[in-house]
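The next block holds one structure in the form of structure tokens; read it before the comments.
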Amino acid sequence: MIRLSRALERTKSSRGRLDKERALADAFALIGRDSLDEDSAGSLRVAVRLATGAVTASAPIGVGFSLMQEVIIAETGWDSEVVRACSRTCGDMAEAFGLLMQRVRGADRRSGVSLSDVARTFELLAQASSRAHKRRHLDELFHRATPLEAKYLAKVILGSLRTGALEGVVENAIARAFAQPLEEVRRAATLVTDPGELAVLARDGRLAEASMSIGAPVAFMLATPIETVATTLSPAQWTVEDKYDGVRAQLHLHDGEAIVFARGLERVTETFPEVARAAAERGRGRTFAIDGELLAVGEGDKPRPFMALQQRLGRKAPTAATLAATPVAFIAYDLLAIDGKILLEFPLADRRALLAELTDALDCPEIRLSPSTPLLDALDPLDPLETDALSEPTPELDVAEVARRLDGAFAAARGRGHEGLVLKRNDAPYEAGRRGQSWLKVKRAFATLDVVITAAEEGHGRRAGVLSDYTFAVWRDEGDARALVNVGKAYSGLTDVEIDDMTRRLTALTLGRYGGARLVRPEIVLEVAFDGLQRSKRHKSGFALRFPRIVRIRTDKTAEQADDVATVEKLFASQVGAGHREEGEAKTRGRGRRGMTEKGETTRQLGLFGEEK
DNA sequence: GTCTAATCTCTCC
DNA sequence: GTCCGACTCATTCGG
DNA sequence: CCGAATGAGTCGGACGGAGAGATTAGAC
């Protein structure tokens, strides 16, 4: 573990990615070749997993901020105030742990822990259910660890390694360490879910053995967001599909057993029993692996927003009532393998054709084919001239014209209740695990709204020392008085200069006064962009902006804000439906000041509303 | 002792 | 999921 | 022809709301 910790330290301090890669490669080579442990393959497996920030191959260990803080207090002997203050200064609790550990007598002369110790402890943690048991396992581990080891173990456990090297760099490092072609490593990485296993295959020169098999998940192919079409896009080569507001999933049928894999590649079959049952029953005697989206459907098979689906997510054994209340359909849009044949290298057009045959044969409402249209058709389906042009070989369309017509197609998709559009290249293979240029998701500029800053929190990590996460509000007229109503939060979209400026203004007024201060800077007005509204439990007004970001800051401009509440309410009504408003408000109860976020660390509410407790 | 509320962690988007 | 900035690598530009 | 400037592409790391499930703390 000490070797790995040193390598991670070196990785963290070097700026260039190539340097990081070399540091990791050296460590992997050393650990994989002649580990201090008898089991060098096992050590390599653990080392590589830790380097990518993963604790175990699959099971979560159920240790987070709170428990880790307890351990740090116990291990270093400092009280929670010191630990918190130190974390705030470092911007990272694990970093603080390392520093405080150095001052523990004899800690730097400890022999340290082995990688197999670490692996064993993590396994025990994953199995342990009670907090007390977890605590015991953690104490045992950290009591033997050196300060450097403790720091990196804590980083991994807290999920923020921040060395500037994750999967991509680690894959390069594996290739370098064991002199394997990078392409081979990358290819295998999309098929082997555990990076540790990948490293062992590379070390033994067995990368070629990695192949897709039905029943084992493949990394999902992702789409690159675009605002408008690129100049080079030739419409005839592309197909359009609606972009669904659901959960990405893979549906495998192998040996009569249907398995559903979620985005993180873990099994969620029990969560969606109706889909699995349909696959098993209707697909009897066949094998396949379909890529698609789990979508909540309502009356008349209308798609429902993600919020509805969320009530099904994470349910280990949904009750009949839940299944009935939130029916789900698997919308199939790609075929990765069928009847033993792997299709990843096939062009999309061929995969789609086979998929259509399959869904046709399955013929059930739980598994449906996602409609797809040639881009030329989708651009202007109502224009008969264009339909004629289809029969012509590669009709030419001006880029601006394509972009303009894409707007119409986009609006049509929204009209069908979907999130937007995805463009896919007909001749592209399935690029597992990559966010390539073969799939493009079309996004639109967000609507904007002027709001007022009412609170800010201290940032952590790279944002340590500045205020971030601004809570904002709009004005509401109440008789003669005007009140501010919280509507949401934003945390990015500011340049450094703007953050500094904002920090100065806010710091001067609010820092040192937190703890219930209801101070507001109404003259600081932000223009916030957002892509929709959601009902919110956290905000008193009962809704929140979804994915807000700050577009622009202005000051001393409050007079024009009077209509903002009306604007929000109108948008809210159109997004969520007027009927939900009361429900949202009734259910909503301010959580009050928690002092810390889930991640804990150093975030504090600095200024708050009078309305909130 | 039992029931309920709060807290914590994880993981979808 | 969104967004931003840093880094790499390839291409173009200018002396 | 070669080095500097530029641009595209990739990657990592800042973060959000929300719900479920497990455990623990608290109320009666």
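Within every chain, numbering begins at 1; the chains are lettered A, B, ... in the order of the sequence lines, protein sequences first and strands thereafter.
Summarising the geometry, the separation between CG on A/L166 and C1' on C/dC7 is reported as 15 Å, rounded to the nearest angstrom. When the C1' atom of C/dC9 is taken as reference, atom CG of A/N172 falls 13 Å away, rounded to whole Å. Atom CG in A/L125 sits about 12 Å away from atom P in B/dT9, given to the nearest Å. Between the P atom of D/dG13 and the CG atom of A/L158 lies a distance of 15 Å, rounded to the nearest Å. The distance between atom CZ of A/R304 and atom C1' of B/dC13, rounded to the nearest whole Å, is 16 Å. Residue A/I157 contributes atom CD1, which lies 10 Å from atom P of B/dC10 at whole-angstrom precision. In this structure, A/R435 places its CZ atom 16 Å from P of D/dG13, rounding to the nearest Å. To the nearest angstrom, P of C/dG1 lies 16 Å from OH of A/Y244.
Comparing atom distances between the A/F65 side chain and each of B/dT9, D/dC11, D/dG13 picks out B/dT9 as nearest. Taking every side-chain heavy atom of A/S66 into account, B/dC8 is the closest of D/dT10, D/dC11, B/dC8. Distance from the side chain of A/V247 is smallest to B/dC13 among D/dG13, B/dC10, B/dC13. You'll find that the side chain of A/V169 is closest to D/dG12, out of D/dG12, C/dG1, D/dT10. The side chain of A/F306 approaches D/dG17 more closely than any other nucleotide in the set C/dC7, D/dG17, B/dC10.
Among residues two or more places apart in sequence or in another chain, the salt bridge (Lys or Arg N to Asp or Glu O under 4.0 Å) test is passed with A/K151 by A/E9, A/E95.
Within the 6.0 Å centre-distance limit, the rings of A/F142 and A/F97 are counted as a close aromatic pair.
Side-chain contact, A/N172 with A/E21: a donor N or O sits under 3.5 Å from an acceptor N or O. A donor atom on one side chain and an acceptor atom on the other are not found under 3.5 Å apart for A/R312 and A/T271. Under the 3.5 Å distance criterion, with hydrogens and angles disregarded, a donor-acceptor pair is assigned to the side chains of A/S438 and A/E431.
For A/R162 and D/dG12, the shortest distance from a side-chain N or O to OP1 or OP2 is not below 4.0 Å. Between A/K134 and B/dC8, a side-chain N or O to OP1/OP2 separation shorter than 4.0 Å is absent.
By the 6.0 Å and 45° rule, A/K424 stacks over the aromatic ring of A/Y333.
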Identify all pairs in which a protein N or O lies below 3.5 Å from an N or O of nucleotides 20-24 of chain D, and state each distance.
unit_1, atom_1, unit_2, atom_2, d
D/dA20, OP1, A/R315, NH2, 2.7
D/dA20, O3', A/G314, O, 3.2
D/dG21, OP1, A/K316, N, 3.2
D/dA22, OP1, A/K316, NZ, 3.4
D/dT23, OP1, A/S129, OG, 3.2
D/dT24, OP1, A/R131, N, 2.7

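Residue contacts for A/L18: at a heavy-atom cut-off of 4.0 Å it reaches the sugar-phosphate backbone alone, with no base atom in range. Among the protein residues, A/R186 comes within range of the sugar-phosphate backbone only, with heavy atoms under 4.0 Å from sugar or phosphate atoms but none that close to a base.
For the pair A/L294/A/Y244, no side-chain contact is recorded, criterion being any heavy-atom separation below 4.5 Å from C-beta on.
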